[in-house]
Amino acid sequence: MRIIVMSDSHGDFSRVRQIFEDNPGADHFIHLGDGAKDFEEAGWLYPDTVRNGVRGNCDFGSGSQLPKEGLLELEGARIYFTHGDLWRVKHGLDEIWRAGREREANVVLYGHTHRAMAEYRDGIWLINPGSVRDSSYTPAGYLALDIGPAGIVPVLRKF
């Protein structure tokens, strides 16, 4: 199973659309907030895709009705996903790691920092796909998360 994860598009609908177009065989798409409307609008263009998303701190005036967090079970993986602001990820990952542990997740997906990273900590993958837009921290990118016989394999992709 391939899950495509993106975050922090901040109005860059063209990049969100490009991610959908570049991954036609993906089984699932997730957006981690701060661009919830970009993701919702892409859903109109790709109605046959399976999508989940959350709102970020910059989505407050967008009219998005997406939740602030979500939990999925896919192919034996329990995936907790949120924007990251609820767990103060700009100040460290301990809080979001504990949130994942409380939800019995083995994958925690978050955005907010615009910094792409994947860390395995005590049985939980903590993964940030970075920002769909270029930032001063990291080049634009997203995540391809493969779940299969090899286990959980995160691949951070750049544009």
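Numbering starts at 1 and runs along the sequence shown. None of the values given here were measured: they were computed from a predicted structure.
The other members of the hydrophobic cluster of Val155, by chain and number, are Val153 (side-chain heavy atoms under 4.5 Å, ILVMFWY only). Other residues sharing the hydrophobic cluster of Tyr80, ordered by chain and number and joined by side-chain separations under 4.5 Å: Leu71, Leu86, Trp87, Val89, Leu93, Ile96, Trp97, Val108, Tyr110, Met117, Ile124, Leu126.
For the residue pair Arg133 and Ser9, the shortest heavy atom distance occurs at CD-O, 2.9 Å. The minimum heavy-atom distance linking Phe39 with Phe29 is given by the pair CZ-O, 3.6 Å.
Judged as a ring-ring contact (aromatic ring centres under 6.0 Å, His included), and not counting sequence neighbours, Phe13 has no contacts. Every residue meeting the salt bridge (charged side-chain N to carboxylate O under 4.0 Å, His left out) condition with Glu73, not counting sequence neighbours, appears here in chain and number order: Arg78. Legend: residues meeting ring-ring contact (aromatic ring centres under 6.0 Å, His included) with Phe81, ordered by chain and number and at least two apart, are absent. His10 pairs by the ring-ring contact (aromatic ring centres under 6.0 Å, His included) definition with His114, not counting sequence neighbours.
Residues Val54 and Ile30 fail the side-chain proximity criterion, which asks for heavy atoms closer than 4.5 Å.
Between Glu119 atom CD and Trp125 atom CH2 the span is 9.5 Å, to the nearest 0.5 Å. Residue Ser7 holds its OG atom at 10.0 Å from NE2 of His112, rounded to the nearest 0.5 Å. The CG atom of Leu156 sits 8.5 Å away from atom CG of Asn128, with the distance rounded to the nearest 0.5 Å. The line from CD1 of Ile147 to CZ of Arg2 is 11.0 Å long, rounded to the nearest 0.5 Å. Atom CG in Asp146 sits 8.5 Å away from atom CD1 in Ile3 (nearest 0.5 Å).
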**OP:** List the steps and the verdict of salt bridge (Lys or Arg N to Asp or Glu O under 4.0 Å) for Glu40 and Arg51.
**Re:** CA-CA 9 Å; Glu40 290 172 325; Arg51 300 174 309 279; over 6 Å; no
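A salt bridge (Lys or Arg N to Asp or Glu O under 4.0 Å) with Asp85 is found for one member of Lys68, Lys90, Arg55 and no other, namely Lys68.
Judged by distance alone, with hydrogens and angles left aside, the side-chain atoms of Asp59 form no donor-acceptor pair with the main-chain N or O of Ser62 at under 3.5 Å. Looking at His83, its side chain never comes within 3.5 Å of a backbone N or O of Gly111 through a donor-acceptor pair.
A salt bridge links Arg17 with Glu21: at least one charged nitrogen is closer than 4.0 Å to a carboxylate oxygen. In this structure, Arg121 pairs ionically with Asp94, as a charged nitrogen and a carboxylate oxygen lie closer than 4.0 Å.
In this model, no donor atom of one side chain and acceptor atom of the other lie less than 3.5 Å apart for Arg101 and Asn106.
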